[in-house]
Structures are given as structure tokens and as C-alpha cells.
Amino acid sequence: MEFSINLTAPEKAAADCLVLPLSGIKLPAALAKLDERASGWLSTLIAGADFSDKAGTVLSGYLPIDGAPQKVVLLQLGKDVSPASLRKAFDALARTLIAGKSASVTIALPPLKGIDAEDAVAAITQAIILESYRFTQFKSEPEPAPALISITLLLTKKGELKAAEEGLARGLAVGHGMNLTRDLGNLPGNICTPTRLAEEAAHLAERFALKLTVLEEADMAALGMGSLLSVAKGSTQPPKLIVLEYHGAGDGKKAAKPAVLVGKGITFDSGGISLKPGEGMDEMKYDMCGAATVLGTLRAVCELALPVNVIGVIPTCENMPAGNAVKPGDIVRSMSGQTIEVLNTDAEGRLILCDALSYVAKFDPDVVVDIATLTGACIIALGHVTTGLFANDDDLADALYAAGQQTGDKAWRLPVWDEYQDQLKSNFADMANIGGRPAGSITAAAFLSRFTKDYRWAHLDIAGTAWKSGAAKGATGRPVPLLVEFLRQRVEKKGKN
Ligand code: BES
Ligand code: MN
Ligand code: ZN
């Protein structure tokens with residue numbers, strides 16, 4: 001798919017399909033010429049009952065110009081355009097275009113009140129990249145690829161060209177990052193093993209010149225990662241700890257302390273000896289979506305060449321039942337030295353994350369954000385709309401929250417107050433790995449917080465947001481947009497200081 005940006009007038013557009021986004025139900029002055037050539041057809045259509053001022057309304061027809069009828073798609077952006085109404089409208093447009101027959105489209109973006117060309121172009125680009133995603137590698141007869149191959153974005157002001165180019169680059173980078181996350185999430189557990197995740201990291205490292213380190217089982221044992229290794233024990237797949245370093249801001253300077261992203265990489269979560277029920281167990285192949293989010297975010301950061309330092313860390317293994325698997329009641333020693341009584345082997349995410357979180361202290365991080373499909377309780381609390389956000393630092397929580405609002409990839413903060421720690425008491429070890437049914441997502445975060453005392457830390461529970469069940473079953477690519485925005489904001493903040 002090819003995108004380009006230029007300043008041609010809409011009536012001169014040569015594409016198979018001309019998209020006219022509008023705000024409200026009045027013909028904009030910029031379309032007057034086109035309307036005249038079509039003898040008032042456009043204004044009739046816009047004023048007609050089939051076109052409303054509700055964001056996302058789409059109306060298609062053929063412009064009756066002698067000799068050269070052209071397909072036109074009217075798109076309602078909302079009477080009062082907002083980032084949310086724009087997203088809704090562009091999602092609807094992307095569905096129409098990707099399902100349609102036109103190979104080339106021109107989208108005549110009007111100037112929008114309160115929204116700059118960069119954000120508008122990023123939103124439309126991202127919507128089209130996401131909608132064109134297909135996961136067909138295991139289908140003998142894949143459905144045909146979308147007809148659409150070329151997209152031209154028309155602007156009205158020359159001064160907006162540079163911003164629009166930046167928006168295009170961002171929309172592409174975030175879209176590609178999300179689609180990588182989706183691919184990895186959608187791959188089945190027999191293919192997307194810890195070894196495969198390490199290979200994917202190696203691809204990224206090679207393509208974007210990242211530094212890659214992969215710790216093997218023996219390396220982790222030498223570091224004392226008894227908690228992580230206890231989860232991996234029951235599987236025949238070797239565990240890995242993948243470390244990818246992107247040094248976009250250079251080293252040495254104080255401002256260049258890295259943001260570290262830690263992603264849960266359970267490539268299949270059977271529950272272990274505390275086996276899960278069979279129904280829907282296939283969906284536990286998605287239990288590496290935290291890891292996939294780290295890789296997708298890094299991909300986007302590299303494509304944008306953001307001047308930040310980011311380190312991605314992925315603890316990855318399978319959680320399987322076996323004769324040698326960790327059992328309820330077993331006590332393991334984490335890298336931090338703290339001991340853990342494993343009361344439920346299905347609460348394995350925190351067991352691999354805690355050792356990864358101890359490990360990352362060596363990078364002297366500015367912030368650490370872990371991303372994990374950690375608790376079913378998070379789905380009960382926030383549904384599939386919102387990511388659970390937890391933090392030991394208010395500024396960090398605020399920044400992640402704001403990035404979610406900005407991108408529509410929303411997160412909502414829950415407390416990690418000390419009172420919750422009582423639920424993790426163990427009679428035999430320093431802590432238990434579960435805290436009972438009340439506040440299950442919070443006690444999971446409370447568990448992690450015992451390993452993150454030395455730095456600013458946030459935890460994103462993406463159990464509800466990383467994938468969809470039902471007819472449209474599949475990985476969503478969230479929260480890549482939130483994280484890319486968060487990292488972009490760090491650049492802007494630094495620029496101002
Ligand atoms: N990977 C699951 C969490 C999960 C469940 C994500 C459903 C998405 C959908 C995690 O490892 C898990 O099994 N958590 C348990 C914790 C419990 C044993 C304390 C859960 O949520 O049931
Ligand atoms: Mn589990
Ligand atoms: Zn899990």
C-alpha cells in the first residue's frame with residue numbers, strides 16, 4: 001500500500017475514488033467548483049436525509065460528470081470534530097475503503113478546528129493500515145487481498161505539508177507496530193514459542209541495529225531467577241529472557257536514562273498443575289501479548305527514529321502441567337532474594353515478571369513499565385475497553401493516562417495501597433503468589449510492587465484489551481499506540497527543559 005500527500009485541488013483528483021470528509025452538513029467552499037461541475041449533485045447529497053452529522057456516517061455515489069463519472073465517498077467527521085470523533089469516522093472510512101473495489105483513492109482533508117494536520121493524517125493512516133491487516137498464513141485459500149493500493153491525502157494549506165508528512169510517518173509506524181503485535185499474538189502456541197519470540201527480536205535487532213541479548217536457562221539460574229524458572233520447569237520449551245536495547249538519544253547524558261518496557265511472554269498458559277478449564281483455553285496463546293506489545297512498540301520507535309533510549313525486556317516461557325512442574329505449596333526463591341509460596345500455579349505471570357523486574361534495575365532506568373495479560377479480574381473490573389493502570393509514581397501514572405486519552409487506547413488507574421499487601425501473607429514464605437478473589441488485579445500489582453521499589457514503575461494489565469474473543473477473535477495491537485505516545489511525550493518534555 002502506498003501513501004502520498006499533496007496539494008492538488010479535489011476537482012482535479014484522478015483516483016478511482018474521491019473521499020470528501022466533512023464536518024457538519026454544509027458544502028465547504030473548497031468543494032464549490034466540484035459541485036458546480038456536477039450540477040449541484042454534491043450539495044443535494046450532503047443536504048439529503050441519508051447523510052447526517054453523526055461522526056462515521058458514510059455515503060457513496062458516482063459523481064455525474066459527463067464522460068468521467070467518479071466514485072465519491074462522503075464522510076462525516078462530526079459537527080464538533082474531536083480526536084475521538086475523528087477516530088470513529090476514519091475507522092468507518094477504512095472499513096468502507098478496504099471492503100471496496102477502488103484501487104486508488106484520494107482523500108481531500110479539510111482544515112479542522114482544533115486538530116492539526118499531523119494528528120489527522122496520523123489517524124487516517126493508522127486506521128487504513130489496521131483495517132488492511134489479514135492473518136492468513138495458515139489458510140489454504142486466503143481471502144483476496146484488499147483492492148486498495150494507493151492513497152493520496154490532499155491538503156489545503158502548503159504550510160501543513162511538513163506536519164502532514166510527520167503524521168503519515170507516525171500513522172505508518174504505529175500501524176506497523178500494532179500489526180506486528182497482532183501477528184505475534186495470533187500465532188498459535190506451537191509456533192510462537194519462547195524461541196520464536198527470541199527470533200522475532202533478532203529480526204528487529206538486525207533490521208534496526210538494536211542490541212540484542214538473550215539469556216538462556218543457565219544464565220537465569222546463575223542470576224538466581226528461581227521464580228521465573230519455576231514456571232518454565234513443566235514445559236519442554238526452553239525459557240528465554242530477551243533484552244533489546246534502542247539507544248536513540250545517545251548515551252552518557254542524564255536525560256538519556258532509559259525507559260524500560262517489560263512484557264509478559266507466556267506463550268501458552270494452561271494454568272500448570274492448577275489447570276484451567278478447557279473451554280476457551282485456546283485463547284491463552286495470547287498470554288504473550290505483553291511481550292508482543294514490547295516488540296511492536298520498539299518497532300514503531302525504531303521506524304520513527306525517536307530520540308529516546310528504550311530497553312525492551314521479555315521474560316518468556318510456557319506454563320504447562322507435567323511431572324516435574326511447579327506445584328501448589330512449592331516455595332521458590334526470586335532473584336531479589338524474597339521467597340514465594342506458589343499457592344496457585346495459574347498465577348504465573350507475576351512469577352516471571354518479578355524476576356525480570358529485579359533484573360532491569362541494572363539499566364538504571366528512568367521509568368519501568370510492565371505490560372501483561374495478568375489477571376482475569378481486570379476484565380471483570382474494566383471490561384475490554386480499558387487497560388488497568390497501576391504505578392508507584394503519580395507523574396508516571398498521569399503520563400500514561402494522558403497518552404491513553406490522546407490515542408483512544410485508554411487506561412484507568414487503580415490503587416496499589418499498602419493495605420492490599422496483607423492479602424499476600426504466607427505462613428511459610430515471604431509472600432504468597434495469590435491474594436484471594438477480592439481485588440485480584442490490585443493484589444497482582446501489589447505483588448509486583450515488592451520488586452520495583454528502586455525505580456519509578458507502572459504496570460499495565462492488558463488482559464481485557466490485548467485481544468478480542470467471539471467472531472472477530474484476534475489480537476488488537478493495543479496498547480502499542482499508548483506506549484508510542486508516552487515515549488513521544490518524553491521527547492517533547494525533554495525538548496522543553
Ligand atoms: N493469563 C492469565 C490472566 C488472564 C485470564 C488473561 C483470562 C486473560 C483472560 C493469568 O496467568 C491467570 O491465570 N491469572 C489468574 C490469577 C489467579 C489464579 C489468582 C486469573 O486471573 O484467574
Ligand atoms: Mn495463568
Ligand atoms: Zn497467564
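Remember, it's a predicted structure, so these values are computed and weren't measured experimentally. For ligands, and for the atoms within them, numbers begin at 1 and follow the listed sequence. Heads up: numbering here begins at 1 and tracks the sequence.
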Using a strict cut-off of 4.0 Å, indicate which atoms of ligand 1 neighbour a heavy atom of [X].
X      : value
Gly376 : 3 (C), 4 (C), 5 (C), 20 (C), 21 (O)
Thr373 : 1 (N), 2 (C), 3 (C), 6 (C)
Lys276 : 12 (C), 13 (O)
Glu348 : 11 (O)
Lys264 : 1 (N), 10 (C), 11 (O)

Contact partition for [X] relative to ligand 1, non-hydrogen atoms under 4.0 Å:
X      : answer
Asp346 : both
Arg437 : neither
Ile379 : side chain

TODO: May I ask you to check if any N/O/S atom from Ala347 comes under 2.8 Å of the Zn ion (ligand 3)?
DONE: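 Under 2.8 Å: Ala347 has no N, O or S contact with the Zn ion (ligand 3).
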Task: N, O or S from Glu348 under 2.8 Å to the Zn ion (ligand 3) - done: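 Under 2.8 Å: Glu348 contacts the Zn ion (ligand 3) through an N, O or S atom.
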Open item on the list: Let me check your reading of the structure: within less than 2.8 Å of the Mn ion (ligand 2), is there an N/O/S atom from Asp287?
Closed with: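 Checking the Mn ion (ligand 2) against Asp287, no N, O or S atom falls under 2.8 Å.
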TODO: Anything under 30° is parallel, anything over 60° is perpendicular, the rest tilted; go ahead and classify Trp412 against Tyr401.
DONE: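 The arrangement is perpendicular - the two ring planes meet at more than 60°.
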TODO: Give a yes/no on ligand 1: does Met284 have at least one heavy atom closer than 4.0 angstrom to it?
DONE: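 It does; at least one heavy atom falls under 4.0 Å.
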Open item on the list: I'd like to know if Trp467 contacts ligand 1, where contact means a heavy-atom distance under 4.0 Å to any ligand atom.
Closed with: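 Checking ligand 1 against Trp467, which is what was asked, there is a heavy-atom contact under 4.0 Å.
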- [ ] Return the minimal non-hydrogen interatomic distance between Leu306 and Arg488, and the atom names on each side.
- [x]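 Distance-wise, the nearest heavy atoms are CD2-CG, 3.8 Å.
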Task: Nearest heavy atoms of Ala291 and Leu197, plus distance in Å - done: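 Residues Ala291 and Leu197, closest heavy atoms: CB-CD1, 4.2 Å.
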Task: Asp287, N/O/S atom nearest the Zn ion (ligand 3) - done: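 Of all N, O or S atoms belonging to Asp287, OD2 is the one nearest the Zn ion (ligand 3).
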Open item on the list: Is it true that Asn344 and Ser274 share a donor-acceptor pair across their side chains at a distance under 3.5 Å?
Closed with: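 Their side chains do contain a donor-acceptor pair, which is all the 3.5 Å distance test asks for.
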Open item on the list: To check your reading of the model: name the closest protein heavy atom to atom 19 (C) of ligand 1, its residue, and the distance in Å.
Closed with: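 Protein heavy atom at minimum distance: Ile434 CG2, 3.5 Å.
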Task: Any N/O pair Asp269/ligand 1 closer than 3.5 Å - done: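 Checking ligand 1 against Asp269, an N or O pair does fall under 3.5 Å apart.
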- [ ] State, with a plain yes or no, whether a side-chain heavy atom of Leu357 is found less than 4.5 Å away from one of Tyr455.
- [x]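 Heavy-atom side-chain distance check passes, below 4.5 Å.
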